[in-house]
Peer 1: 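Have a look at this one before I ask anything.
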Amino acid sequence: MDRSISQGISGRYWHALADGRVQCDVCPRYCKLNEGQRGLCFVRARHNDGIVLTTYGRSSGFCIDPIEKKPLNHFLPGTPVLSFGTAGCNLTCKFCQNWDISKARVFDRLQDEASPEAIAEAAVRTGCRSVAFTYNDPVIFLEYAVDVAQACRARGIKTVAVSAGYIAPEPRVELFRHMDAANIDLKGFTEGFYRNLCTGRLAPVLETLEYVTHATDVWLEITTLLIPGENDSVAEIEAESRWVMEHLGPDVPLHFTAFHPDWKMTDKPPTPPATLRRARTIAMEAGIRYVYTGNIHDPAGQTTYCHGCRTALIGRDWYELGAWTLSAEGRCRACGTPCAGVFDAGHGDWGRRRQAVSVEAL
Ligand code: SF4
């Protein structure tokens with residue numbers, strides 16, 4: 001027996017099937033497992049007639065990033081966020097931009113043993129306002145993410161889920177109850193894209209976006225990585241923008257980010273900046289108020305503008321903040337229109353730094 005399975009902690013959301021297998025009910029894959037077998041995500045496995053999580057307390061390392069890198073542009077701008085992930089993933093995206101972590105099949109990728117309390121304490125001591133579950137998807141390490149989130153909230157630290165939103169209805173309620181903000185990928189806007197490039201489905205992701213927007217207090221932003229020839233047509237961007245407007249409303253920020261050839265998709269070129277700017281224009285014309293470009297140098301596409309008078313509210317050059325014309329109440333100082341988001345009276349000054357942190361050493 002693999003030691004990481006026999007030492008795994010009991011997982012939630014599963015049930016026994018009549019044929020003797022056990023079904024994991026965490027994500028819409030609903031893996032049906034025999035004893036000792038792992039799910040597609042690799043980190044949940046059947047052990048002793050239940051499901052265990054094999055990565056509890058084990059991280060791929062900790063870094064302090066600017067919150068804008070998650071990306072979140074309307075959640076405590078300019079502040080540092082303590083970021084970590086574990087290993088594995090429940091989607092199989094051919095264009096994965098974090099494949100060294102998400103595809104990890106050996107646990108020597110996992111460096112730091114970190115208890116929820118140690119992580120929350122590290123965030124306090126390093127001056128971070130929040131902790132982000134990122135690099136891979138917290139859906140698959142839900143029990144660990146929830147315990148870390150509870151430890152963080154007990155110390156006044158906020159929590160951020162960076163996720164593909166590929167989660168079943170019941171665990172969805174639990175995961176997002178413990179989050180303060182989320183950036184959820186909307187990887188494409190056709191079932192064919194999800195089926196062919198991610199071996200997943202679009203519909204559960206849309207359900208998650210609607211659930212988070214309408215049934216929780218979680219601050220939500222959306223990211224779509226535009227891949228040339230795959231999901232960047234005018235028709236697809238228009239359809240996505242219309243759906244966001246109709247189902248989520250105009251105040252959910254949308255980020256169009258640049259693809260770089262990686263993992264199993266090295267035959268596509270990087271996304272041209274013009275494609276990202278065109279997508280931003282389409283989404284804004286559809287009525288979405290806050291639309292951004294990402295992974296390219298584009299100060300105009302990364303600045304937050306007042307949707308009432310177009311004043312630059314939060315200027316950005318990469319992750320450096322410039323103009324700040326928001327009042328203490330989060331309104332435009334020029335015309336008084338409120339800006340959607342979670343803001344303090346001022347902004348943080350973390351800048352573009354990325355700093356590795358050893359949690360045990362703190
Ligand atoms: S979380 Fe993992 S084991 Fe559970 S259904 Fe999804 S891929 Fe399968």
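All ligand and atom numbering here is 1-based and tracks the order in the structure. All values below were derived from every heavy atom in this structure, side-chain atoms included, with hydrogens, water molecules and symmetry-related copies excluded.
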Peer 1: Who's the nearest protein heavy-atom neighbour of atom 8 (Fe) of ligand 1, and how far?
Peer 2: C31 SG, 2.3 Å
Peer 1: Do E143 and R44 meet the salt-bridge criterion of a basic N to acidic O distance under 4.0 Å?
Peer 2: yes
Peer 1: Less than 4.0 angstrom from a charged side-chain N to a carboxylate O is my criterion; do E121 and R125 meet it?
Peer 2: yes
Peer 1: Have a look at C41, P28, G11 and point out the one with the heavy atom closest to atom 7 (S) of ligand 1.
Peer 2: C41
Peer 1: Please give me the minimum heavy-atom distance between S60 and Y135, naming the atom from each residue.
Peer 2: OG-CD1, 4.3 Å
Peer 1: Where is the nearest protein heavy atom to atom 1 (S) of ligand 1: which residue, which atom, and how far?
Peer 2: R44 CD, 3.5 Å
Peer 1: Give a yes/no answer: is there an N/O/S atom of C24 under 2.8 Å from atom 8 (Fe) of ligand 1?
Peer 2: no
Peer 1: Given L186, which partner from the list L225, L254, V205 fulfils the side-chain contact (heavy atoms from CB on, under 4.5 Å) test?
Peer 2: V205
Peer 1: Which ligand 1 atoms, with their elements, are less than 4.0 angstrom from a heavy-atom of Y30?
Peer 2: 5 (S)
Peer 1: When you measure from the side chain of H347 to the backbone N and O of G78, does any donor-acceptor pair fall under 3.5 Å?
Peer 2: no
Peer 1: For atom 3 (S) of ligand 1, find the nearest protein heavy atom and state the residue, atom name and distance (0.1 Å precision).
Peer 2: G39 CA, 3.6 Å
Peer 1: Under 2.8 Å from atom 6 (Fe) of ligand 1 - does any N, O or S atom of C27 fall there?
Peer 2: yes
Peer 1: Could you tell me whether D344 and R129 have a side-chain N and a carboxylate O separated by less than 4.0 Å?
Peer 2: yes
